[in-house]
Amino acid sequence: MKAKKPIGKPSVGNLEHLKSEGDLNLGAQRSAWAEHLDPQTRHWLEEDARYFLHQSLSTPCLNVLKSCHGASIEDMQGRRLLDFRGNIVHQVGFSNPRVIAAIVEQMKQLSFCTRRYTNIPAIKLAKKLAELAPGNLNKVLLAPSGALAIGMAIKLARAATGRFKTISMWDSFHGASLDAISVGGEAIFRSGAGPLLPGCEHVPPPDNRHCPFHCGAACNLKCADYIEYVLEKEGDIAAVIAETVRCTPFIPPLDYWKKVRAACDRHGALLILDEIPICLGRTGRMFACEHYGIVPDMLVVGKGLGGGIFPLAALIARDDLNVAGDKALGHYTHEKNPVAAAAALAAIQFIEEERLLEHVQKLSVYALEKLRELMIKHELIGDVRGLGFLLGIELVKNRTAMEKAVDEAEKVMYCALARGLNFKLTMGNIITLTPALTISQAEMDQALNILDQCIAEI
Ligand SMILES: Cc1ncc(COP(=O)(O)O)c(C=O)c1O
């Protein structure tokens with residue numbers, strides 16, 4: 001008889017292949033980093049591990065935070081780090097004073113909205129999102145998380161098309177709920193989860209560096225053609241669901257989305273773009289699909305929508321997809337939370353008034369140039385890429401074979417953490433840099449200098 005895994009004993013065997021969504025918080029380098037922590041911090045980390053359920057990617061925690069302001073976080077020992085991760089919620093910087101003021105004001109007035117009623121901040125937010133979103137994306141539904149908004153989009157696609165199948169991408173992430181991991185493509189979320197939603201077809205993402213069609217630099221969009229192939233073979237796909245630009249980042253070629261848009265139209269499938277982490281200016285445009293000159297049928301936004309303080313996401317759908325009045329698409333308790341809506345309105349106003357899109361466009365060109373200089377200097381860097389403040393440095397053992405330099409990437413990460421820079425590793429070897437949109441050139445330089453030094457030391 002097969003031995004049962006003892007309850008409460010997480011299996012942490014060889015997890016290298018699972019390093020897709022982020023570094024795993026495990027391993028020898030991770031344990032060694034604990035030497036940076038004082039007894040008080042260790043005490044709180046032990047309490048954290050004692051009282052929270054353990055799960056991959058989150059457990060064990062690295063450190064304990066005391067405060068966050070602007071582009072930085074500060075730990076209990078008073079160490080400040082530039083946060084080039086921020087779970088990508090910090091478009092307007094952490095603890096943005098205008099967002100906090102709007103939240104406090106709203107809390108004094110109307111702190112919650114009982115169902116059956118609506119409220120002015122929520123209505124103003126829906127109107128603002130409809131104005132900002134391209135084309136005829138004019139109908140909004142709010143939810144307290146990105147995964148929930150993705151679930152609403154899937155339900156609406158089913159209701160509108162009478163079909164249930166989807167096409168989405170391997171290696172993509174759309175949230176951690178069962179419906180979101182069904183369309184997501186990351187092993188760490190899917191493996192061992194049991195039966196997922198039926199009819200979720202997966203295709204390769206538009207990543208010419210690791211393309212199964214071997215396109216390489218001479219990309220001829222075979223991956224987009226393959227989506228049309230699957231649309232045709234299946235014949236009854238409700239929706240293609242994808243991140244416009246994968247946060248890793250994989251930046252699709254300019255014509256990619258035009259091709260996919262046209263294929264969806266030919267086969268009666270809806271196009272749902274997930275811009276949860278990259279909406280509201282991260283790519284230098286309010287929405288990333290604007291770079292590609294297409295309008296999806298549904299756009300899903302979140303993360304920084306709540307001003308970096310409130311959990312808030314939104315589904316923005318085409319006007320004529322208002323077809324599910326007799327169905328519960330979301331129906332979440334905090335659906336029209338007035339305080340979350342006030343935070344979102346203040347964040348959007350800040351982005352507009354401070355002209356953050358122009359700032360991102362300008363400073364990201366400078367940053368990418370600096371990254372290219374680093375690539376000339378360090379053999380370990382196999383590729384650098386970026387769109388706005390979504391920047392990636394791919395570390396490889398060998399530039400021809402592009403073999404992932406996973407250990408080296410972790411070394412760079414722990415070195416940077418010790419010197420005051422936090423960032424995320426994706427796919428095990430890609431340094432992903434997503435700073436607050438408010439950072440100055442001096443802060444960008446400081447971060448890139450830390451990276452330069454740490455890569456040089458490996
Ligand atoms: C592309 C993408 N979609 C969806 C989600 C899920 O959002 P949430 O964590 O708010 O459920 C995330 C979160 O990281 C994301 O990056």
Side-chain angles (χ1 to χ4, degrees), residues 134-137 139 141 146-175 177-186 189-190 193 195-207 211-213 221-246 250 252-253 255-276 288-289 292-300 315-324 327 329-330:
N136 55 352
L137 296 174
K139 284 282 191 284
L141 206 51
L148 294 176
I150 288 289
M152 299 189 314
I154 295 171
K155 282 185 180 176
L156 181 56
R158 287 181 173 205
T161 62
R163 305 170 174 183
F164 70 90
K165 294 181 190 167
T166 55
I167 297 178
S168 51
M169 314 263 161
W170 288 119
D171 295 330
S172 67
F173 183 64
H174 297 290
S177 57
L178 270 175
D179 49 0
I181 63 172
S182 301
V183 292
E186 290 193 311
F189 288 93
R190 296 165 59 89
L196 300 175
L197 281 188
C200 295
E201 306 296 331
H202 285 74
V203 297
D207 171 20
C211 170
F213 304 106
L221 296 175
K222 280 196 183 128
C223 54
D225 292 338
Y226 184 62
I227 292 179
E228 174 134 39
Y229 177 82
V230 180
L231 281 166
E232 185 164 348
K233 286 284 174 197
E234 291 286 345
D236 57 355
I237 297 285
V240 172
I241 305 175
E243 295 157 86
T244 316
V245 175
R246 172 78 174 114
F250 300 144
D255 286 340
Y256 177 81
W257 285 118
K258 283 209 178 90
K259 265 197 142 183
V260 175
R261 170 76 277 182
C264 286
D265 291 343
R266 276 193 289 273
H267 296 275
L270 299 174
L271 179 60
I272 301 173
L273 290 183
D274 175 349
E275 301 204 357
I276 287 165
C289 58
Y292 292 90
I294 57 123
V295 181
D297 302 296
M298 295 185 221
L299 193 57
V300 188
L315 166 63
I316 315 171
R318 236 172 50 196
D319 252 339
D320 58 338
L321 289 177
N322 192 21
V323 293
K327 294 185 171 61
L329 294 174

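- In this pair, Trp257 and Tyr292 present their aromatic rings perpendicular. The plane angle is above 60°, beyond the 30 to 60° band.
- Heavy-atom minimum distance, Met152 versus Leu329: CG-O, 3.3 Å.
- Here the CD1 atom belonging to Ile294 is positioned 10.5 Å from the OH atom belonging to Tyr256, to the nearest 0.5 angstrom.
- Residues Asp297 and Leu271 come closest through the heavy atom pair OD2-N, 2.6 Å.
- For the pair Ile181 and Gly175, the tightest heavy-atom approach, listed with the atom from each and the gap, is CG2-O, 3.6 Å.
- Contact detail for Val323 and Asp320: the closest heavy-atom pair is CG1-O, 3.5 Å.
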Check against side chain to side chain contact (heavy atoms under 4.5 Å, CB included), Ile150 and Ile276
CA-CA 9 Å; Ile150 288 289; Ile276 287 165; 3.9 Å; yes

Check against side chain to side chain contact (heavy atoms under 4.5 Å, CB included), Ile241 and Ile154
CA-CA 9 Å; Ile241 305 175; Ile154 295 171; 3.8 Å; yes

Give the C-alpha distance, both sets of side-chain angles, the deciding distance and a yes or no for side chain to side chain contact (heavy atoms under 4.5 Å, CB included) between Tyr226 and Ile167.
CA-CA 11 Å; Tyr226 184 62; Ile167 297 178; over 6 Å; no

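- Considering only heavy atoms from C-beta on, Leu156 stays 4.5 Å or farther from Leu141 through its side chain.
- Note that OG1 of Thr166 and CG of Asp179 are 10.5 Å apart. Values are rounded to the nearest 0.5 Å.
- Glu234 places a side-chain heavy atom less than 4.5 Å from the side chain of Glu201.
- Between the side chain of Ser168 and the backbone N or O of Val183 there is at least one donor-acceptor pair closer than 3.5 Å.
- Between Lys327 and Ala159 the shortest heavy-atom distance is CD-CB, 4.0 Å.
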How far apart are the C-alpha atoms of Glu228 and Arg266, what are their side-chain angles, what is the distance that settles it, and do they pass the side chain to side chain contact (heavy atoms under 4.5 Å, CB included) test?
CA-CA 9 Å; Glu228 174 134 39; Arg266 276 193 289 273; 2.7 Å; yes

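- Surrounding NZ of Lys222 are at most 12 heavy atoms belonging to other residues, nucleotides or ligands under 6.0 Å away.
- Summarising the geometry, atom CD1 belonging to Ile227 is positioned 7.5 Å from atom SG belonging to Cys264; distances are rounded to the nearest 0.5 Å.
- For the pair Glu275 (side chain) and Ala288 (backbone), a donor-acceptor distance under 3.5 Å is present.
- Arg318 CZ to Lys139 NZ: the interatomic distance, rounded to the nearest 0.5 Å, is 12.5 Å.
- Here the side chains of Pro206 and Phe250 are not in contact, with every heavy-atom distance at 4.5 Å or above.
- Rounded to the nearest 0.5 angstrom, Ser182 OG and Phe189 CZ are separated by 13.0 Å.
- Partners of Pro134 according to the side chain to side chain contact (heavy atoms under 4.5 Å, CB included) rule, which considers only residues two or more places apart in sequence or in another chain, are Leu137, Phe287, Cys289, Val295, Leu299.
- Judged purely by atom type and a 3.5 angstrom limit, His267 has no side-chain atom pairing as donor or acceptor with the backbone of Tyr229.
- Looking at heavy atoms from C-beta onward, Leu196 lies in side-chain contact with Arg190 at the 4.5 angstrom threshold.
- Taking 4.0 Å as the cut-off between side-chain N and carboxylate O, Asp255 and Arg261 do not count as a salt-bridged pair.
- Side-chain contact between Glu243 and Asp171 is absent, with no heavy-atom pair separated by less than 4.5 Å.
- Under the 4.5 Å side-chain criterion, counting only non-hydrogen atoms from C-beta, Ile272 is not in contact with Leu315.
- In this structure a side-chain-to-backbone donor-acceptor pair under 3.5 Å is missing from His174 to Ala147.
- In this structure, CG on Leu273 lies 4.0 Å from OG1 on Thr244, to the nearest 0.5 angstrom.
- Nearest approach of Lys259 to Asp225, heavy atoms of both residues: NZ-OD1, 2.6 Å.
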